[in-house]
Amino acid sequence: MDYKYLLVEDKGDGVKLVTINKEKSLNALNSEVLKELSDCFLKLDKCQETKVIVLTGAGKAFVAGADISEMSPLSAAEGYAFGKLGMDVFMQVERNSKPVIAAVNGFALGGGCELSLSCDIRLASTKAKFGQPEVGLGITPGFGGTQRLIRAVGPGMAKELIYTANIINAEEALRIGLVNHIYEPEELLDQAIKLAKTIASKAKLAVKYAKSAINNGIQADIETGMEIERTSFGLCFATEDQKEGMKAFLEKRNPEFKNR
């Protein structure tokens with residue numbers, strides 16, 4: 001896959017590394033970058049060899065935000081359309097059948113924070129910075145920040161971050177549960193790929209069903225969520241991997257999953 005603003009690398013064992021490579025503008029998201037992300041994640045979703053995706057940014061930023069120069073002259077209708085584009089792309093990331101790990105190497109502000117929130121797991125460099133600074137620009141978060149941030153850190157903390165436009169460091173992000181782990185900058189990608197390969201070594205369909213159950217269940221009441229889980233659990237018993245996984249356990253050996 002060749003893109004103007006994205007680099008896609010095969011890291012082995014079913015892991016793909018996607019790097020937003022627009023370093024001069026701190027990887028700011030404009031329409032072109034968003035459309036490339038959409039195409040990339042659509043193709044990786046369909047790619048049978050891909051099991052886990054790691055997403056990061058080039059240089060000092062993960063994504064410093066949406067492109068202000070593109071947004072500045074927009075009318076209300078155009079702003080709505082730009083927000084819809086970003087939301088649609090980030091929903092593609094969230095709903096991708098493959099787990100997505102954000103390796104947040106630097107600034108993750110505005111659209112960058114929202115992009116990281118659409119990923120399944122967030123790992124951060126000690127130099128990472130997170131925030132939703134939109135109200136300081138006279139706008140609200142527009143790519144899902146008002147919805148995903150409250151689910152990640154709770155309504156009170158999310159409202160404080162959004163209303164104040166404060167930017168927090170990696171340690172604070174870890175404390176409030178916005179990220180899973182923090183690492184020194186030189187270790188971040190290695191740790192992200194290591195985690196991705198651990199996930200990739202498990203039964204692919206089981207991981208896919210688990211992701212679907214979590215994402216769909218979190219939007220539902222507990223009874224509906226339990227039914228979603230029961231359905232996913234039952235589907236696993238129609239797979240060869242379930243037979244192999246349990247047989248390997250009983251035989252005290254490592255399973256050899258065929259991802260079917």
Side-chain angles (χ1 to χ4, degrees), residues 5-9 11 15-23 26-29 33-34 36-38 40-41 44-45 50-66 86-87 89-132 141 143-145 147-149 151-153 158 161 167-185 187-200 207 211 214-215:
Y5 296 119
L6 302 181
L7 299 174
V8 183
E9 302 172 67
K11 307 308 287 188
V15 175
K16 292 292 197 303
L17 173 63
V18 178
T19 303
I20 301 173
N21 188 30
K22 195 165 175 271
E23 193 172 342
L26 298 178
N27 305 319
L29 298 172
V33 178
L34 289 168
E36 287 194 0
L37 280 169
S38 176
C40 178
F41 273 83
L44 290 177
D45 198 11
T50 300
K51 297 178 182 178
V52 184
I53 302 164
V54 176
L55 178 63
T56 194
K60 297 179 180 179
F62 177 71
V63 167
M87 284 186 181
V89 175
F90 290 8
M91 195 63 77
Q92 273 186 281
V93 175
E94 181 177 289
R95 292 179 176 171
N96 199 285
S97 62
K98 320 297 168 64
V100 184
I101 299 170
V104 182
N105 50 304
F107 295 111
L109 307 178
C113 186
E114 290 166 310
L115 178 56
S116 76
L117 285 164
S118 70
C119 299
D120 295 283
I121 297 168
R122 286 165 294 284
L123 308 181
S125 156
T126 54
K127 293 185 177 180
K129 304 285 185 183
F130 295 84
Q132 298 287 165
F143 292 170
Q147 303 306 305
R148 289 194 179 95
L149 191 58
R151 288 164 168 80
V153 303
L161 287 171
I167 295 172
I168 61 173
N169 61 25
E171 288 77 11
E172 179 66 2
L174 180 65
R175 188 188 72 80
I176 66 175
L178 184 55
V179 302
N180 291 45
H181 306 282
I182 56 177
Y183 299 103
E184 292 301 321
E187 298 176 351
L188 177 65
L189 266 186
D190 287 343
Q191 291 293 335
I193 291 167
K194 179 181 177 181
L195 176 59
K197 289 187 176 184
T198 297
I199 296 170
V207 172
K211 174 172 179 172
I214 293 167
N215 284 357

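Here the structure is a predicted model, which means the values were calculated and not measured.
- Taking the salt bridge (Lys or Arg N to Asp or Glu O under 4.0 Å) definition, one finds that K60 meets it with nothing, sequence neighbours left out.
- For the residue pair P141 and E114, the shortest heavy atom distance occurs at CB-OE2, 3.4 Å.
- Interatomic distance, CG of L174 versus CG of N169, reported as 10.0 Å (0.5 Å rounding).
- Judged as a side-chain hydrogen bond (donor to acceptor under 3.5 Å, both in side chains), and not counting sequence neighbours, the contacts of E172 are R175.
- V93 places none of its side-chain heavy atoms less than 4.5 Å from the side chain of L37.
- In this structure a side-chain-to-backbone donor-acceptor pair under 3.5 Å is present from Q92 to S38.
- Scanning all heavy atoms of the two residues, the minimum distance from A200 to V52 falls at N-CG2, 3.8 Å.
- Annotation: side chain of L55 is in contact with side chain of L115 (closest heavy-atom distance under 4.5 Å).
- For the residue pair S116 and R122, the shortest heavy atom distance occurs at O-NH1, 3.1 Å.
- Using a 4.5 Å cut-off on side-chain heavy atoms (C-beta onward), L17 and L189 make contact.
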Can you list, pair by pair, the side-chain donor-acceptor contacts under 3.5 Å of residues 95-112, counting residues two or more places apart and other chains?
residue	atom	partner	partner atom	Å
N96	OD1	K98	N	3.0
N96	ND2	F41	O	3.0
S97	OG	D45	OD1	2.4
K98	NZ	L44	O	2.9
K98	NZ	D45	O	3.2
K98	NZ	C47	O	2.7
K98	NZ	T50	O	3.0
N105	OD1	T56	OG1	3.2
N105	OD1	G57	N	3.3
N105	ND2	G57	O	2.9
N105	ND2	G59	O	3.1
N105	ND2	A61	O	3.1

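- Taken from CZ in R148 to CE in M91, the straight-line distance is 5.0 Å, to the nearest 0.5 Å.
- By the 4.5 Å heavy-atom criterion applied to side chains, I176 and L161 are counted as neighbours.
- Taking the salt bridge (Lys or Arg N to Asp or Glu O under 4.0 Å) definition, one finds that K51 meets it with nothing, sequence neighbours left out.
- In this structure, the ring pair (Phe, Tyr, Trp, His ring centres under 6.0 Å) partners of F143, at least two apart in sequence or on a different chain, are F82, F90.
- Within a 6.0 Å radius of NZ in K197, more than 12 heavy atoms belonging to other residues, nucleotides or ligands are found.
- From N180, atom CG reaches atom CG of L195 across 8.0 Å, with rounding to the nearest 0.5 Å.
- Minimum interatomic distance between A124 and V179 (heavy atoms only, all atoms of both residues): CB-CG1, 4.0 Å.
- Rounding to the nearest 0.5 Å places CG of L123 at 11.0 Å from CD1 of I193.
- Taking 4.5 Å as the limit, some side-chain heavy atom of L178 sits within range of a side-chain heavy atom of L117.
- For E9, the salt bridge (Lys or Arg N to Asp or Glu O under 4.0 Å) criterion is met by K11, not counting sequence neighbours.
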